Amino acid sequence: MSTLPPLDQVLSSSADRDGPLAKALATLFESSPILFSALVPGLATHLSSESSTSPTSYAALIDAALAVISTWSDTLRAQFIAGHPRIGEVNGLSHLSAKEQLAAATPPEVLARLVHLNALYEHRYPGLRYITFVNGRARAVIKDEMEDVLQLERSLSPGQPPVESVGSVEIGGEEWRGELDRAVVDVGRIAKGRLRALGIE
């Protein structure tokens, strides 16, 4: 079971990869190279800044982390959201991701469709990964949501439409940035949902 270190230890922590700040952020946001190379040091610097108000809760710490992320380039933010597993993945998930994506009752045809929808999404939005706040919803509901985002009819086809048929939007363009911004917001919602799952308000 994942746990979080006491907030006072997190706030006084260095940017050390094994420190309380890094442990807390990896639990809340998913462990990834960009988390350790950019978010942990960036948030440590932000927290030690004289102009920064010290967070009084984990929710406020998440907000501070999102404020740091908002200053990053599109490339860094895209790398950060890619730290989250794809919708429908069943292997290599963190304890909290596995709990959030609970696969026990997901029909295999829905899982197969999600694999294809992820490929379609990643073709349409190069460099992005589809992120959504699952919040206990069934994967079949998320499948429908992804089809809506991609403007596709409901289907369980594991290979239709062909990936190339959805086209690609321009990296850095308005639609691409809109998806990136939405994904970052949902990463924050996921982190706050994890607080509730851990019994921390």
Side-chain angles (χ1 to χ4, degrees), residues 1-87 89 92-103 128-139 141-142 145 177-201:
M1 177 66 177
S2 299
T3 59
L4 292 171
L7 185 61
D8 62 331
Q9 290 179 14
V10 171
L11 297 177
S12 62
S13 176
S14 69
D16 185 65
R17 185 181 177 103
D18 296 321
L21 178 62
K23 180 180 181 199
L25 293 177
T27 299
L28 295 170
F29 289 107
E30 289 293 319
S31 181
S32 68
I34 199 74
L35 182 134
F36 294 113
S37 68
L39 183 57
V40 172
L43 186 55
T45 300
H46 176 78
L47 294 173
S48 66
S49 165
E50 289 182 19
S51 63
S52 172
T53 303
S54 189
T56 57
S57 67
Y58 262 108
L61 181 72
I62 291 168
D63 290 338
L66 292 171
V68 169
I69 293 165
S70 74
T71 67
W72 291 356
S73 69
D74 289 348
T75 301
L76 278 180
R77 293 188 310 138
Q79 289 173 12
F80 179 71
I81 65 167
H84 271 263
R86 288 177 177 86
I87 296 294
E89 283 187 347
L93 300 177
S94 70
H95 172 76
L96 290 172
S97 280
K99 193 173 175 182
E100 291 158 1
Q101 290 206 38
L102 191 61
L128 299 184
R129 178 173 289 183
Y130 188 73
I131 303 292
T132 190
F133 181 39
V134 173
N135 197 25
R137 296 178 292 161
R139 285 179 171 161
V141 173
I142 304 303
E145 177 184 302
R177 274 208 175 115
E179 271 301 294
L180 177 59
D181 292 343
R182 183 201 55 73
V184 170
V185 167
D186 271 15
V187 165
R189 294 174 69 206
I190 292 165
K192 288 182 178 178
R194 288 179 174 187
L195 286 181
R196 289 187 293 278
L198 293 168
I200 301 170
E201 292 297 326

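Keep in mind that this is a model prediction, so the values were computed, not measured.
Within the 4.5 Å cutoff, side-chain heavy atoms of Tyr58 are placed close to those of Leu28. No side-chain heavy atom of Lys23 sits under 4.5 Å from any side-chain heavy atom of Val10. The shortest side-chain heavy-atom distance between Phe133 and Val185 does not fall under the 4.5 Å cut-off.
To the nearest 0.5 angstrom, Ile81 atom CD1 is 10.0 Å from Asp186 atom CG. Put simply, CZ on Phe80 and CD1 on Ile131 are 9.5 Å apart, with the number rounded to the nearest 0.5 Å. Remark: Leu39 CG to Leu25 CG distance equals 5.0 Å, nearest 0.5 Å.
Closest heavy-atom contact between Pro20 and Ser13: CD-OG, 3.3 Å. Here the closest non-hydrogen pair linking Ser70 and Ala67 is OG-O, 2.6 Å. In terms of heavy atoms, Leu47 sits closest to Pro55 at CD2-CD, 3.5 Å. Closest approach of Arg77 and Trp72 over heavy atoms only: CG-CB, 3.8 Å. In this structure, Leu128 and Ala78 approach most closely via the heavy-atom pair CD2-CB, 3.8 Å. Contact record, Leu195 with Ile62: CD1-CD1, 3.6 Å, taken as the closest heavy-atom pair.
Residues passing the salt bridge (Lys or Arg N to Asp or Glu O under 4.0 Å) test with Lys192, sequence neighbours excluded: Asp63. Among residues two or more places apart in sequence or in another chain, the salt bridge (Lys or Arg N to Asp or Glu O under 4.0 Å) test is passed with Arg129 by none.
Here the options are Arg189, Arg137, Arg182, the test is side-chain hydrogen bond (donor to acceptor under 3.5 Å, both in side chains), and the partner is Thr132; only Arg137 passes. Partner of Leu43 under the side chain to side chain contact (heavy atoms under 4.5 Å, CB included) criterion, out of Ile69, Leu21, Leu35: Leu21 alone.
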Between Leu11 and Leu61, does a side-chain contact (heavy atoms from CB on, under 4.5 Å) hold up when you go through it step by step?
CA-CA 9 Å; Leu11 297 177; Leu61 181 72; 4.1 Å; yes
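Looking at Arg194, its side chain does come within 3.5 Å of a backbone N or O of Thr27 through a donor-acceptor pair.
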